[in-house]
Amino acid sequence: MIKSGPKSVPSEIFAVYESNTGGKAGTSFGAFYTTLERLARKGLLEMQNLEDRNGNMRKHYTITNSGRQEVLEAVTASHSLGAFALAGG
(Lines give C-alpha, C1' and ligand atoms only; values in the text may rest on other atoms or scores of the structure.)
Protein backbone atom coordinates (compact mmCIF):
# COMPACT_ATOMS: atom_id res chain seq x y z
CA MET A 1 0.00 0.00 0.00
CA ILE A 2 2.80 2.38 0.82
CA LYS A 3 4.37 1.66 -2.59
CA SER A 4 1.11 2.09 -4.51
CA GLY A 5 0.73 5.66 -3.26
CA PRO A 6 -2.00 7.66 -1.56
CA LYS A 7 -5.63 7.20 -2.52
CA SER A 8 -5.03 3.90 -4.28
CA VAL A 9 -7.85 1.72 -5.54
CA PRO A 10 -7.85 -1.93 -4.42
CA SER A 11 -6.87 -3.28 -7.84
CA GLU A 12 -3.73 -1.07 -7.87
CA ILE A 13 -2.78 -2.13 -4.35
CA PHE A 14 -3.32 -5.81 -5.23
CA ALA A 15 -1.16 -5.44 -8.36
CA VAL A 16 1.74 -4.10 -6.25
CA TYR A 17 1.21 -6.94 -3.74
CA GLU A 18 1.23 -9.54 -6.52
CA SER A 19 4.35 -7.98 -8.04
CA ASN A 20 6.17 -7.96 -4.69
CA THR A 21 5.31 -11.61 -3.98
CA GLY A 22 5.89 -12.78 -7.53
CA GLY A 23 2.30 -13.99 -7.52
CA LYS A 24 3.30 -16.80 -5.16
CA ALA A 25 1.37 -15.66 -2.08
CA GLY A 26 -1.77 -17.45 -3.26
CA THR A 27 -4.11 -14.72 -2.03
CA SER A 28 -7.30 -14.14 -3.98
CA PHE A 29 -8.41 -10.61 -4.79
CA GLY A 30 -11.57 -11.19 -2.71
CA ALA A 31 -9.57 -12.10 0.40
CA PHE A 32 -7.26 -9.16 -0.20
CA TYR A 33 -10.21 -6.76 -0.58
CA THR A 34 -11.75 -8.04 2.67
CA THR A 35 -8.44 -7.41 4.42
CA LEU A 36 -8.38 -3.80 3.17
CA GLU A 37 -11.87 -3.27 4.60
CA ARG A 38 -10.84 -4.81 7.93
CA LEU A 39 -7.75 -2.59 8.14
CA ALA A 40 -9.93 0.46 7.43
CA ARG A 41 -12.32 -0.52 10.26
CA LYS A 42 -9.30 -0.74 12.59
CA GLY A 43 -8.19 2.76 11.56
CA LEU A 44 -5.01 1.62 9.84
CA LEU A 45 -6.31 2.68 6.42
CA GLU A 46 -8.63 5.50 5.44
CA MET A 47 -11.25 4.72 2.80
CA GLN A 48 -12.89 7.36 0.63
CA ASN A 49 -15.44 6.99 -2.14
CA LEU A 50 -14.13 9.15 -4.97
CA GLU A 51 -15.33 9.66 -8.51
CA ASP A 52 -13.05 8.35 -11.26
CA ARG A 53 -12.61 10.07 -14.62
CA ASN A 54 -15.60 8.14 -16.01
CA GLY A 55 -17.91 9.39 -13.26
CA ASN A 56 -17.98 6.06 -11.38
CA MET A 57 -17.58 6.00 -7.61
CA ARG A 58 -14.60 3.91 -6.48
CA LYS A 59 -13.14 3.14 -3.10
CA HIS A 60 -9.70 4.66 -2.55
CA TYR A 61 -7.46 3.70 0.37
CA THR A 62 -4.71 5.70 2.06
CA ILE A 63 -2.56 4.47 4.92
CA THR A 64 -3.08 6.41 8.17
CA ASN A 65 -0.43 7.48 10.67
CA SER A 66 -1.54 4.57 12.87
CA GLY A 67 -1.11 2.24 9.89
CA ARG A 68 2.40 3.52 9.24
CA GLN A 69 3.26 2.96 12.91
CA GLU A 70 1.96 -0.63 12.73
CA VAL A 71 4.11 -1.27 9.63
CA LEU A 72 7.17 0.17 11.36
CA GLU A 73 6.58 -2.00 14.44
CA ALA A 74 6.06 -5.12 12.30
CA VAL A 75 9.26 -4.49 10.33
CA THR A 76 11.21 -3.85 13.53
CA ALA A 77 9.87 -7.05 15.11
CA SER A 78 10.68 -9.00 11.94
CA HIS A 79 14.26 -7.72 11.94
CA SER A 80 14.61 -8.57 15.63
CA LEU A 81 13.42 -12.12 15.02
CA GLY A 82 15.81 -12.44 12.09
CA ALA A 83 18.73 -11.30 14.21
CA PHE A 84 17.69 -13.75 16.93
CA ALA A 85 17.60 -16.62 14.44
CA LEU A 86 20.97 -15.66 12.95
CA ALA A 87 22.47 -15.58 16.45
CA GLY A 88 21.42 -19.20 16.92
CA GLY A 89 18.50 -18.43 19.25
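Small disclaimer: the values here were computed from a predicted structure and weren't measured.
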Exercise. List the atom of H60, the atom of L50, and the distance in Å for their closest heavy-atom pair.
Key: ND1-CB, 3.6 Å

Quiz item: So, the side chain of T34 versus the backbone of G30: is there a donor-acceptor pair under 3.5 Å, distance only?
Solution: yes

Quiz item: About how many Å separate OG1 of T21 and NZ of K24, when rounded to the nearest 0.5 Å?
Solution: 9.0 Å

Quiz item: Which value, rounded to the nearest 0.5 Å, describes the distance between T35 atom OG1 and L44 atom CG?
Solution: 12.0 Å

Practice problem: Can you measure from NZ (K59) to OG (S11) and round to the nearest 0.5 angstrom? | Solution: 13.0 Å

Quiz item: Quick one: CD on Q69 to CD1 on I63, what's the gap to the nearest 0.5 Å?
Solution: 10.5 Å

Self-check item: Taking every non-hydrogen atom, the tightest pair across G43 and S66
Solution: O-CB, 3.9 Å

Quiz item: With the 4.5 Å side-chain cut-off for hydrophobic clustering, are L36 and F29 part of the same group?
Solution: yes

Quiz item: Are I13 and F32 side-chain neighbours, meaning at least one heavy-atom pair lies under 4.5 Å?
Solution: yes

Practice problem: Any chance you could measure R58, atom CZ, to N49, atom CG, to the nearest 0.5 Å? | Solution: 11.0 Å

Quiz prompt | Other residues, nucleotides, ligands: >12 heavy atoms within 6.0 Å of N65 CG | solution = no

Quiz item: What is the distance from atom CG of L45 to atom OG1 of T62, rounded to the nearest 0.5 Å?
Solution: 8.5 Å

Quiz item: Would F14 and Y33 show up in the same hydrophobic cluster when neighbours are defined by side-chain heavy atoms closer than 4.5 Å?
Solution: yes

Exercise. Give the intermediate values and the outcome of side-chain contact (heavy atoms from CB on, under 4.5 Å) for residues V9 and D52.
Key: CA-CA 10 Å; V9 295; D52 68 13; over 6 Å; no

